[in-house]
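Following: one structure in structure tokens, then a few remarks.
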Amino acid sequence: MNHIKLLFFATVRERMGVKSLDLELPAEATIGDLKVNLSEKYPKIKDSLKSVLVTINREYAFDEAIIPSKAEIGVFPPVSGG
Amino acid sequence: MNHIKLLFFATVRERMGVKSLDLELPAEATIGDLKVNLSEKYPKIKDSLKSVLVTINREYAFDEAIIPSKAEIGVFPPVSGG
Amino acid sequence: MTFNMQPSSLPTVFSITEDEIDLNDLLARITLISTGAAAIFTGMVRGETKRGEEHQTEYLEYEAYIPMAEEKMKQVADEIRAKWDAVEGIAIVQRIGKLYPKTPTVLIACTAAHRDTGVFEAARYGIDRLKEIVPIWKKEVSPSGEFWVEGEYIPKAGE
Amino acid sequence: MTFNMQPSSLPTVFSITEDEIDLNDLLARITLISTGAAAIFTGMVRGETKRGEEHQTEYLEYEAYIPMAEEKMKQVADEIRAKWDAVEGIAIVQRIGKLYPKTPTVLIACTAAHRDTGVFEAARYGIDRLKEIVPIWKKEVSPSGEFWVEGEYIPKAGE
């Protein structure tokens with residue numbers, strides 16, 4: 001198993017009700033697998049997950065990316081700073 | 001006669017050795033006439049006068065412009081602020 | 001306010017902060033003996049917006065994924081230098097927290113020897129990129145309720 | 001520092017001054033409830049210049065035909081508004097006297113609702129026009145002597 005840390009921001013954080021979450025994932029799990037896992041466990045963010053950005057260790061990542069061990073995963077809507 | 005006030009800046013001021021000068025000019029004298037007058041009285045600025053900018057009452061003016069009574073006339077090189 | 005500085009002879013200042021943005025201080029930090037021109041962009045909270053749906057804003061509340069945001073600010077600075085090699089100093093600062101109308105919220109500043117070196121375009125590029133890839137979000141609170149402002153940009157692989 | 005303000009709902013600040021240029025103060029003076037973007041240009045004294053004949057500068061000494069310079073600054077602001085009607089606030093400040101390397105000497109700032117309204121181009125236009133028509137001159141003092149910097153622009157009738 002692979003232990004990861006999830007960080008939520010903006011609308012995703014509000015819908016989750018928490019800023020961060022520790023999670024166990026199967027080794028070799030991808031971002032796509034993580035989204036399915038989260039959709040099942042947290043139906044309240046299922047819709048959000050269709051349009052979120054995801055980062056692995058502070059770099060943007062996509063569905064096919066394999067999540068490395070002890071990764072820091074960010075999940076958030078498109079950015080709106082300035 | 002027409003009483004005017006001349007103001008000199010930058011290189012023209014340094015060559016004249018004064019910041020300002022009061023002058024009597026014939027009525028209807030033009031900027032061109034003024035330059036001839038100054039060239040004769042102050043040979044040290046004769047060369048400068050070929051490339052100076054001249055203003056009448058704080059607006060850029062050219063050789064053919066007639067100098068109004070009590071005008072404030074500026075004489076200076078092209079500007080270099082910033 | 002604390003700043004992150006890249007170890008280089010060319011100053012790069014980047015920061016996510018809750019403090020006031022001090023333009024005088026930031027300009028001084030990116031001014032070198034060789035720089036004669038600075039282009040600075042600042043964004044301020046608008047209290048009244050006319051474009052799109054006309055509305056009023058009571059305040060904006062900003063949040064950021066701070067360590068990643070600072071890394072992405074550094075990346076924006078690197079991108080600027082790759083595109084405009086005349087740019088010498090760069091400052092990128094985003095203020096977060098609850099910010100009221102007329103308050104400066106963001107600053108991008110670039111210095112160069114002369115003004116015709118792309119320094120204006122570099123500052124413009126900097127704010128455009130910040131709004132695309134730096135993980136910061138704002139919630140708008142208005143008399144009619146609150147909503148999260150959502151960006152439109154989807155970063156590509158490697159951004 | 002004292003400023004000249006045009007009587008209008010849109011702030012125009014223009015000044016020839018011997019005081020330090022305070023960017024924070026000037027930005028606040030041209031920020032309105034409706035403005036969300038500011039483009040600011042500042043010029044600083046370069047101590048080392050590489051373009052043209054490479055040289056060092058000990059200090060610059062500025063002088064101005066003050067009342068005319070302030071009128072021409074107002075004219076530059078009017079020209080900006082005629083070209084970019086989205087521009088709301090404008091500040092134009094030139095510091096004069098003896099100014100040493102790294103010191104800000106001039107500032108042009110424009111505010112607008114949004115950044116894609118021409119506000120960057122307006123600030124660029126402002127500094128270009130200041131260097132063409134506003135009666136200010138600078139003498140450069142360097143280890144090898146002193147010389148007046150001369151502009152190249154000859155104003156046309158009505159400028």
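Reckoned from all heavy atoms, side chains included, excluding hydrogens, waters and symmetry mates. Below, chain A is the first sequence line, B the second, and so on; all start at residue 1.
- Contacts with chain D were tallied for C:A109, C:P101, C:G47; C:G47 has the most, counting heavy-atom pairs under 4.5 Å.
- D:N24 places no side-chain N or O within donor-acceptor distance of the main-chain N or O of C:D22, the cut-off being under 3.5 Å.
- Listed options C:S34, C:A28, C:A37 were ranked by heavy-atom pairs under 4.5 angstrom with chain D; first place goes to C:A37.
- Of all residues in residues 111-138 of chain D, those placing a non-hydrogen atom less than 4.5 angstrom from a non-hydrogen atom of chain C are D:T111, D:A113, D:H114, D:R115, D:D116, D:T117, D:F120, D:A123, D:R124, D:I127, D:D128, D:K131.
- Here C:M44 contributes atom CE and D:T31 contributes atom OG1; the two are 4.0 Å apart, rounded to the nearest 0.5 Å.
- Considering C:I21, C:T42, C:L107 in turn, C:T42 is the only one that fulfils the side chain to side chain contact (heavy atoms under 4.5 Å, CB included) rule with D:L27.
- Of the listed residues C:D25, C:L23, C:T105, C:T57, the one with more heavy-atom pairs under 4.5 angstrom with chain D than any other is C:L23.
- The line from NZ of C:K102 to CG of D:L32 is 6.5 Å long, rounded to the nearest 0.5 Å.
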